[in-house]
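Encoded as structure tokens, the structure appears first; notes follow it.
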Number of protein chains: 2
Amino acid sequence: MRLFSENGYTGTGVSELGEAAGLARGALYYYIGSKEALLAEIHDRVMDPLLAEAKLIAAMDIGSRARLRLLSESLLWQILHRPDNVWVFLHEYRHLEGEHRAQFREKRRAFETYVGTALEEGRQSGEVVTSDPDLTTLAFFNLHNYTYQWQAGHPGLEVEKLASFYCAILLRGIGAVEQPDDPELRDELTKGRSVLAALRSA
Amino acid sequence: MRLFSENGYTGTGVSELGEAAGLARGALYYYIGSKEALLAEIHDRVMDPLLAEAKLIAAMDIGSRARLRLLSESLLWQILHRPDNVWVFLHEYRHLEGEHRAQFREKRRAFETYVGTALEEGRQSGEVVTSDPDLTTLAFFNLHNYTYQWQAGHPGLEVEKLASFYCAILLRGIGAVEQPDDPELRDELTKGRSVLAALRSA
DNA sequence: GTCTATAGGGTGATAGAC
DNA sequence: GTCTATCACCCTATAGAC
């Protein structure tokens with residue numbers, strides 16, 4: 001995980017992995033089968049706990065705000081407490097091919113469904129106000145997943161506080177999306193866009 | 001840009017680049033100097049227009065809500081209209097070293113300052129309510145930047161609509177962050193966390 | 001289980017012919 | 001400006017000795 005996160009999947013050789021593990025190439029292949037199988041294993045070590053917790057959360061008899069918060073905390077726990085593992089998970093997934101890729105996509109889709117379902121449940125109970133549940137689900141993952149990029153430069157981040165921050169933004173914020181811009185703002189935006197359009201065509 | 005975004009920077013050979021450009025390696029090196037200089041050039045082609053537009057936006061005599069929206073539209077225009085270029089920009093920046101890396105970091109920092117300044121301006125005028133401007137700036141980039149990951153699978157996205165969505169979430173949402181959780185929610189969260197803690201220790 | 005040897009093919013970069 | 005030849009090295013994976 002450390003080597004893949006530091007030098008990238010393609011940028012890390014099996015010799016380096018063996019050196020870090022205290023094994024020569026041959027012995028390493030005896031255990032991992034292939035470099036790609038090792039990458040798949042790393043992805044499973046993020047996805048499997050995430051899905052196990054999401055399944056528990058989905059079965060809880062709680063409101064959808066609490067369900068979303070717990071899903072948020074699960075995801076952020078991985079991101080903040082296993083940064084190398086999550087970096088590989090979110091950054092190198094495209095190098096999975098064939099069956100590895102299919103399994104990974106299915107697990108990701110399953111987790112996204114847990115979040116989407118919680119949001120839809122909240123929409124029906126009135127706890128979440130949104131006219132575009134799909135875009136709201138995407139915004140949920142924008143907020144959470146990109147955290148892996150800057151997390152290392154901001155020590156002291158706490159799972160529960162960050163989950164509270166992200167969920168507050170989402171649950172309160174999306175309710176405002178349908179409000180049309182007021183006339184003054186519309187006017188300023190129109191002017192500004194025309195100035196920028198001039199720059200782009202120049 | 002296409003090859004780097006499809007196969008990664010490390011996963012693309014200079015021969016492949018030459019083949020795509022209709023040149024042999026020798027001729028390609030005559031133009032690009034090195035593989036890393038090509039990567040730096042790709043980064044500049046995103047950052048330079050972004051900074052030019054941000055400078056114009058900062059000089060406009062408009063409210064901070066409009067300023068943030070225009071910054072959001074600038075960034076989303078790059079993300080939605082130049083996906084390959086932005087993929088490399090957001091995904092491969094770590095492979096820049098030395099002077100290339102320093103210049104890139106400085107440009108990124110400059111753009112982040114434009115956004116941070118607009119948010120701070122809004123905080124002082126009362127248009128933006130937040131007790132943690134730094135975390136709000138990070139949330140702005142979470143929402144925008146991660147869009148490059150799923151943008152290709154969602155055709156028909158429009159810059160102005162998505163900017164309106166993201167900014168509405170942020171500007172309305174962050175005002176809610178300071179509100180403490182109500183007792184019922186706190187109770188549900190406590191119970192849920194204890195269930196998950198049992199899973200983790202098992 | 002762990003090793004070395006080997007296969008077969010890449011890599012980035014440069015020198016020098018044309 | 002563009003090419004080929006070359007340098008020195010790295011790659012994933014497997015075979016077979018021990």
Side-chain angles (χ1 to χ4, degrees), chain A residues 1-47 84-105 107, chain B residues 1-47 84-105 107:
Chain A
M1 293 163 196
R2 186 178 58 78
L3 288 168
F4 282 166
S5 68
E6 281 175 6
N7 310 123
Y9 173 72
T10 326
T12 305
V14 178
S15 316
E16 291 175 78
L17 296 170
E19 202 175 337
L23 291 169
R25 264 166 311 195
L28 193 60
Y29 271 98
Y30 175 83
Y31 290 105
I32 65 171
S34 75
K35 192 185 168 188
E36 202 198 317
L38 184 60
L39 183 62
E41 167 80 19
I42 290 175
H43 281 83
D44 283 342
R45 291 202 186 181
V46 176
M47 276 315 316
D84 286 350
N85 203 324
V86 167
W87 180 283
V88 179
F89 167 69
L90 287 174
H91 213 78
E92 310 286 351
Y93 66 94
R94 275 191 157 200
H95 293 104
L96 294 174
E97 292 178 335
E99 189 57 27
H100 287 140
R101 189 184 195 103
Q103 283 184 23
F104 167 71
R105 287 166 76 113
K107 287 181 179 178
Chain B
M1 293 164 195
R2 184 178 59 78
L3 287 169
F4 282 167
S5 68
E6 282 176 5
N7 311 122
Y9 173 72
T10 326
T12 306
V14 177
S15 315
E16 292 174 78
L17 297 169
E19 202 176 336
L23 290 168
R25 266 165 309 191
L28 192 62
Y29 270 100
Y30 175 81
Y31 290 106
I32 66 171
S34 75
K35 191 184 169 189
E36 201 198 318
L38 184 60
L39 183 63
E41 167 79 20
I42 291 175
H43 281 83
D44 283 341
R45 290 199 188 183
V46 177
M47 277 314 317
D84 286 350
N85 203 324
V86 167
W87 180 282
V88 179
F89 167 69
L90 288 173
H91 213 81
E92 308 287 350
Y93 66 93
R94 275 192 160 199
H95 293 104
L96 294 173
E97 292 178 336
E99 190 56 30
H100 286 141
R101 188 183 196 103
Q103 283 184 23
F104 167 72
R105 288 166 74 113
K107 288 181 179 179

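Just so we're clear, the structure is a prediction, and the values are computed from it rather than from any experiment. Both backbone and side-chain heavy atoms feed into the values below; hydrogens, waters and symmetry mates do not. Here is the naming used below: chain letters follow the sequence lines, and residue numbers restart at 1 for every chain.
When the nucleotides C:dT2, D:dC11, D:dT12 are ranked by their closest atom to the side chain of A:Arg25, D:dT12 comes out on top. In this structure, the nucleotide among C:dT4, D:dG1, D:dA13 sitting nearest to the side chain of B:Tyr31 is D:dG1.
Rounded to an integer number of Å, the gap from B:Ile32 CD1 to D:dT2 C1' is 14 Å. Atom P of nucleotide D:dT12 and atom CG of A:Leu17 are separated by 8 Å, given to the nearest angstrom. Taking atom CG of residue B:Leu3 and atom P of nucleotide C:dT11, one finds them 12 Å apart after rounding to whole Å. If you measure from atom OH of B:Tyr29 to atom C1' of C:dA13, you get 5 Å, rounded to the nearest angstrom. At whole-Å resolution of the value, OH in A:Tyr30 and P in D:dA13 are 18 Å apart. Going from atom CD of B:Glu16 over to atom P of C:dG9 covers 16 Å, rounded to whole Å. Nucleotide D:dT2 holds its C1' atom 16 Å from the CD atom of B:Glu19, rounded to whole Å.
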List the atom pairs, with distances to 0.1 Å, where a side-chain N or O of residues 97-105 of chain A and a protein N or O form a donor-acceptor pair under 3.5 Å, not counting sequence neighbours.
from     : atom 1 : to      : atom 2 : distance (Å)
A:His100 : ND1    : A:Glu36 : OE2    : 3.1
A:Arg101 : NH1    : A:Arg94 : O      : 3.0
A:Arg101 : NH1    : A:Leu96 : O      : 2.8

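For B:His91 and B:Ser5, the side-chain atoms include no donor-acceptor pair closer than 3.5 Å.
Nearest-nucleotide assignment on DNA chain D puts the 5′-proximal partner with B:Leu23, out of B:Leu23 and A:Thr12. A residue-by-residue look at B:Gly22 and A:Ser15 shows that B:Gly22 has its nearest nucleotide of DNA chain D further toward the 5' end.
For CD of A:Glu19, the number of neighbouring non-hydrogen atoms (other residues, nucleotides, ligands) closer than 6.0 Å is 12 at most.
The shortest distance between side-chain heavy atoms of B:Lys107 and B:Asp44 falls below 4.5 Å.
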